[in-house]
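Atom set for the values below is all heavy atoms of this structure, side chains included, hydrogens, waters and symmetry mates excluded.
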Amino acid sequence: YRAGPAEWVDALDATARRGLTLARCAQATGAMQAALDLSISYAQDRVQFGRPLARFQAIQHELAVAAEEAATTATDLVLAAVGQSGLMADRVEPLLQAATLVVANAIANVHRVSHQVHGAIGFTQEYFLHRHSLNLLRWRDELGHLQQSSLACAEALGEKVLAADTLWAFITDTTSLNKPA
């Protein structure tokens, strides 16, 4: 796995950049769920010290954390907002920035947990987890290029929050799916 330069990102217009960012968030959500499903299945089947890995409390805890991370509600919220207001609506950009931050963090955690549960087998090309892992790492890097960086994304989101009357007003105005488009 090698992260290459992303000169191609500069050639994208704003609509293509938003669309690709949203697509990568959605794809990563699916790949995280697939990696989690493989990990749960493996933990139930693999016996260590006379009992399945899934019976160990530490494994249960790690899988629960990964499941929480893989359930990226932020991406679902962006999809709902795009469905209601369109991809280029003003309120979509902060939601997309938040989703990018959430998904990038979730990828790191789900990747770590799934490979810890599987041990070394998760890195081999013969095992299916490898494909999801590679895609997750590629998409995480691509999200970073599309949004300049996680720090730039967080700064832009923070500026929008500070420009609003109150934090609560910003959250409700941005996330409300009941207001007209």
Side-chain angles (χ1 to χ4, degrees), residues 1-6 8-9 17-83 87 92 95-151 153-154 157 171 175 177:
Y1 167 76
R2 269 185 273 154
W8 57 270
V9 172
R17 187 180 292 242
R18 274 193 191 185
L20 186 56
T21 301
L22 181 54
R24 289 301 183 241
C25 285
Q27 286 176 305
T29 300
M32 285 187 287
Q33 188 60 54
L36 181 61
D37 291 345
L38 283 170
S39 299
I40 291 169
S41 177
Y42 182 82
Q44 291 170 339
D45 295 342
R46 176 78 167 113
V47 175
Q48 192 70 29
F49 304 112
R51 60 184 178 162
L53 287 177
R55 300 282 312 272
F56 290 92
Q57 187 175 13
I59 300 293
Q60 292 171 358
H61 174 75
E62 288 293 320
L63 288 172
V65 169
E68 179 184 4
E69 293 282 348
T72 54
T73 307
T75 301
D76 294 339
L77 185 59
V78 178
L79 288 167
V82 167
L87 184 61
V92 170
L95 290 173
L96 196 53
Q97 290 166 337
T100 299
L101 291 170
V102 169
V103 168
N105 185 59
I107 288 171
N109 289 326
V110 170
H111 183 268
R112 177 188 58 80
V113 168
S114 63
H115 283 280
Q116 283 181 341
V117 168
H118 281 87
I121 193 172
F123 284 103
T124 63
Q125 289 183 344
E126 297 81 23
Y127 194 68
F128 204 57
L129 179 62
H130 174 77
R131 186 179 77 168
H132 297 302
S133 297
L134 234 100
N135 285 334
L136 284 171
L137 295 175
R138 285 180 184 137
W139 295 334
R140 181 196 59 195
D141 290 346
E142 193 172 293
L143 284 170
H145 292 305
L146 287 165
Q147 293 287 337
Q148 286 82 42
S149 71
S150 291
L151 179 59
C153 200
L157 188 57
I171 292 171
T175 61
L177 295 178

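Annotation: the span from Thr75 atom OG1 to Leu22 atom CG amounts to 7.5 Å, rounded to 0.5 Å. For the atom pair Asn105 CG and Thr100 OG1, the distance stands at 12.5 Å (nearest 0.5 Å). The CH2 atom of Trp139 sits 10.0 Å away from atom CG of Leu134, with the distance rounded to the nearest 0.5 Å. Once rounded to the nearest 0.5 Å, the distance linking CG of Leu157 with CG of Leu96 reads 10.5 Å. Atom CD1 of Ile107 and atom CG of Leu136 lie 5.0 Å apart (nearest 0.5 Å). For the atom pair NE2 of His130 and CG of Asn135, the computed distance is 9.5 Å after rounding to the nearest 0.5 Å.
By the side-chain hydrogen bond (donor to acceptor under 3.5 Å, both in side chains) test, Gln48 pairs with Arg46, sequence neighbours left out. Residues satisfying the ring-ring contact (aromatic ring centres under 6.0 Å, His included) criterion with His111, sequence neighbours excluded, are His115. Applying the side-chain hydrogen bond (donor to acceptor under 3.5 Å, both in side chains) criterion to Asn109, with sequence neighbours excluded, gives Glu69. For Arg17, there are no salt bridge (Lys or Arg N to Asp or Glu O under 4.0 Å) partners two or more places apart in sequence or in a different chain.
Closest non-hydrogen pair, Val117 versus Tyr42, comes out as O-CE2, 3.4 Å. Here the closest non-hydrogen pair linking Val110 and Ala66 is CG2-O, 3.6 Å. The minimum heavy-atom distance linking Leu36 with Ala70 is given by the pair CD2-CB, 4.3 Å. The heavy-atom pair separating Ala43 from Ile59 by the smallest distance is CB-CG2, 4.2 Å.
Counting only heavy atoms from C-beta outward, the side chains of Pro52 and Gln44 never approach each other to under 4.5 Å. Within the 4.5 Å cutoff, the side chain of Leu63 has heavy atoms near those of the Ser39 side chain.
For residues 52-65, the set of pairs meeting the side chain to side chain donor-acceptor pair (under 3.5 Å) definition, not counting sequence neighbours, comprises Glu62-Arg112.
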Under the criterion side chain to side chain contact (heavy atoms under 4.5 Å, CB included), I'd like the reasoning laid out for Leu143 against Arg140: C-alpha separation, chi angles, the key distance, then a yes or no.
CA-CA 5 Å; Leu143 284 170; Arg140 181 196 59 195; 5.7 Å; no
Expected list for residues 26-34: side-chain donor-acceptor pairs under 3.5 angstrom, two or more places apart:
| unit_1 | atom_1 | unit_2 | atom_2 | d |
| --- | --- | --- | --- | --- |
| Gln27 | OE1 | Arg24 | NH1 | 2.4 |
| Thr29 | OG1 | Cys25 | O | 2.8 |
| Thr29 | OG1 | Thr72 | OG1 | 2.7 |
| Gln33 | NE2 | Asp37 | OD1 | 2.9 |

